[in-house]
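Protein chains get the first letters and strands the later ones, always in sequence-line order, with residue 1 at the start of each. Side-chain atoms are counted along with the backbone in the values below, which use heavy atoms only and exclude waters and symmetry mates.
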Protein chains: 2
Amino acid sequence: MDELLTTTLDVLKETGYERLTIDEVVSRVHASKATVYRRWPSKSALVVAAFVHAVSHLPAEYDTGSLRGDLLAGMDDLLNEMERLADVMAGLIDEKRRNEELATALREGFLDARKQVAAGAFARARERGEIAPDADVEVLWQIAPAVVMFRWLMMGESVPREEGHRLVDEVVLPLARAGRRVSAPATPPPPPPRRRHAPPSS
Amino acid sequence: MDELLTTTLDVLKETGYERLTIDEVVSRVHASKATVYRRWPSKSALVVAAFVHAVSHLPAEYDTGSLRGDLLAGMDDLLNEMERLADVMAGLIDEKRRNEELATALREGFLDARKQVAAGAFARARERGEIAPDADVEVLWQIAPAVVMFRWLMMGESVPREEGHRLVDEVVLPLARAGRRVSAPATPPPPPPRRRHAPPSS
DNA sequence: ACCGTACGGTACGAGGCGGTACCGTACACG
DNA sequence: CGTGTACGGTACCGCCTCGTACCGTACGGT
């Protein structure tokens, strides 16, 4: 039943993995525990199935003709997905360390999908000459998801669309265009970085 | 007892908040549950105290004389802290949504501390003329923690020091020097970004 | 030598939850 | 109309874990 999976995701969103109970899920759907255990062998399997179901229609592919268009579209997509899934992920991050299937689902269903989409956009941009040939795609693709998830998960706040777009225009795009070269007259090799409460007088 | 707090953190690291039990903690310390409950009113209070204790000696302040030196020192600090605390945070992210004191501890003890240190480094750099006057510090300070935590928490991998330094040299520093202006001949205002499987031919 | 305090140990209560077993029933199919 | 399958409901088992109560004891101050 589709409804069981989506409701599982709702409960997950509210309570996290450990506090989610099968009883709570079935009570919202007018189903019975027996029905759940007829279809999935365990709570863990149910949750994994619910997550896979939620990210299964993710890999949006777009080709707007410009890198900026592609990145903005990807950002909108990311922000939408986070609105749906940020709390879910918060509730799964810890369990993922113990549950190999869950870790795989998150990696393949969410992270790899985003990476592939971004990699395609950068590849096309490179062919068009929009970005530096040596742009470090392996780092670039991570920045937007990292900052957005940092804001959602660690700081507990949502990211408005306008700010997401600024992240594209003022961070990702400039970096992609500049490539790896350090952009300005480099400071001399830094003095040996003394750490922790080290005023120069010491 | 200091030992109770550090051991609590150890257990937290291994099992996460929900699966942490007082019995497990005291069994490792040769203490008794009574001792715990004499000192802290609940499991939740113990865990919050353990986390606060762990981040209490955090706010490293350094002034190496150059922005690059400051940022590299901050990055080393961040990587060290993540080595200690990544699993702990994974085990607390979900609980933080329900536990206001925990959320405060994480915000004030970890995030704000890092932000202040970074803000100081950028302010000094601006006075020295090392960076653009309009550099967006509010975004810049987040990038390093965001990417590092993304790698630890979402991708489940550690970040080698060399890669952290590249993040400083090829991402944060160039952005700070360039400021907000878009770095290269802007692409024309993008064609209306059509989303989701939209080849130009459609 | 006395006493109070804090300790480790442990037994216990109470509630919660995963998972199973067994109802009676509704509905599709032939 | 007969049959079987899947369902909702529910009682139950076993286990876990928070938190409390009550031991006997070690130890430091006076």
Side-chain angles (χ1 to χ4, degrees), chain A residues 1-53 87-88 90-103 105, chain B residues 1-53 87-88 90-103 105:
Chain A
M1 190 81 85
D2 243 39
E3 202 183 356
L4 268 171
L5 294 180
T6 61
T7 303
T8 299
L9 213 72
D10 288 340
V11 179
L12 208 54
K13 199 179 306 190
E14 297 168 21
T15 67
Y17 180 88
E18 291 288 343
R19 299 174 75 97
L20 172 144
T21 71
I22 310 284
D23 284 308
E24 176 62 26
V25 172
V26 299
S27 77
R28 296 193 187 189
V29 178
H30 195 69
S32 85
K33 273 211 285 187
T35 305
V36 169
Y37 281 99
R38 266 179 219 117
R39 214 138 0 183
W40 297 278
S42 67
K43 165 180 167 175
S44 153
L46 170 68
V47 171
V48 171
F51 183 78
V52 169
H53 177 79
D87 284 346
V88 174
L92 290 179
I93 279 185
D94 184 51
E95 177 64 14
K96 163 176 93 63
R97 296 192 288 160
R98 258 165 262 116
N99 189 325
E100 194 53 49
E101 298 185 11
L102 187 58
Chain B
M1 191 79 85
D2 242 40
E3 200 182 359
L4 268 172
L5 293 180
T6 62
T7 303
T8 300
L9 213 73
D10 287 340
V11 179
L12 207 55
K13 198 179 307 190
E14 298 169 20
T15 67
Y17 180 87
E18 291 288 342
R19 300 174 75 99
L20 172 144
T21 71
I22 310 284
D23 285 307
E24 176 63 25
V25 172
V26 297
S27 78
R28 296 193 187 188
V29 176
H30 195 71
S32 87
K33 274 211 286 188
T35 305
V36 169
Y37 281 99
R38 265 179 221 120
R39 213 135 5 180
W40 297 277
S42 66
K43 165 181 167 176
S44 152
L46 170 68
V47 171
V48 171
F51 183 78
V52 169
H53 177 79
D87 284 346
V88 174
L92 290 179
I93 279 185
D94 184 53
E95 177 64 14
K96 163 177 93 63
R97 296 191 290 159
R98 257 164 261 118
N99 190 325
E100 194 54 47
E101 298 185 12
L102 187 58

Which residues pass the salt bridge (Lys or Arg N to Asp or Glu O under 4.0 Å) test with B/Lys43, not counting sequence neighbours?
none
Value for CG (B/Asp10) from CG (B/Asp87), rounded to nearest 0.5 Å, stands at 11.0 Å
Among residues at least two apart in sequence or on other chains, which ones pass side-chain contact (heavy atoms from CB on, under 4.5 Å) with B/Arg38?
B/Ala34, B/Thr35
Can you tell me the Watson-Crick or wobble partner of D/dT25, both distances under 3.5 angstrom?
C/dA6
Can you list everything that forms a salt bridge (Lys or Arg N to Asp or Glu O under 4.0 Å) with A/Lys33? Sequence neighbours excluded, please.
A/Asp23
Residues in side chain to side chain donor-acceptor pair (under 3.5 Å) with A/Glu18, at least two apart?
B/Arg19
Which atom pairs link the protein and nucleotides 5-8 of chain D when you take only N or O atoms and keep those under 3.5 Å?
unit_1: D/dC7; atom_1: OP1; unit_2: A/Arg39; atom_2: NH2; d: 3.2
unit_1: D/dG8; atom_1: OP1; unit_2: A/His30; atom_2: O; d: 3.4
unit_1: D/dG8; atom_1: OP2; unit_2: A/Thr35; atom_2: OG1; d: 2.2
unit_1: D/dG8; atom_1: O3'; unit_2: A/His30; atom_2: NE2; d: 3.4
unit_1: D/dG8; atom_1: N7; unit_2: A/Ser32; atom_2: OG; d: 3.3

With sequence neighbours excluded, what pairs up with B/Glu24 under the side chain to side chain donor-acceptor pair (under 3.5 Å) test?
B/Arg28
Sorted by number, the residues of residues 4-15 of chain B with heavy-atom contact under 4.0 Å to DNA chain D:
none
Can you pull every protein N or O that's under 3.5 Å from an N or O on nucleotides 15-19 of chain C?
unit_1: C/dG18; atom_1: OP1; unit_2: A/Leu20; atom_2: O; d: 3.0
unit_1: C/dG18; atom_1: OP1; unit_2: A/Lys43; atom_2: NZ; d: 3.2
unit_1: C/dG18; atom_1: OP2; unit_2: A/Ile22; atom_2: N; d: 3.3
unit_1: C/dG19; atom_1: OP2; unit_2: A/Tyr37; atom_2: OH; d: 2.9
unit_1: C/dG19; atom_1: OP2; unit_2: A/Lys43; atom_2: N; d: 2.8
unit_1: C/dG19; atom_1: N7; unit_2: A/Lys33; atom_2: NZ; d: 2.8
unit_1: C/dG19; atom_1: O6; unit_2: A/Lys33; atom_2: NZ; d: 2.5

Drop me the distance from B/Arg39's CZ to B/Leu5's CG, to the nearest 0.5 angstrom.
8.5 Å
Are side-chain heavy atoms of B/Val88 and B/Phe51 found at a separation under 4.5 Å?
yes
Which residues pass the side-chain contact (heavy atoms from CB on, under 4.5 Å) test with B/Asn99, not counting sequence neighbours?
B/Ser44, B/Val48, B/Glu95, B/Glu101, B/Leu102
With A/Val36, which residues qualify under side-chain contact (heavy atoms from CB on, under 4.5 Å), at least two apart?
A/Leu4, A/Ile22, A/Val26, A/Trp40, A/Leu46
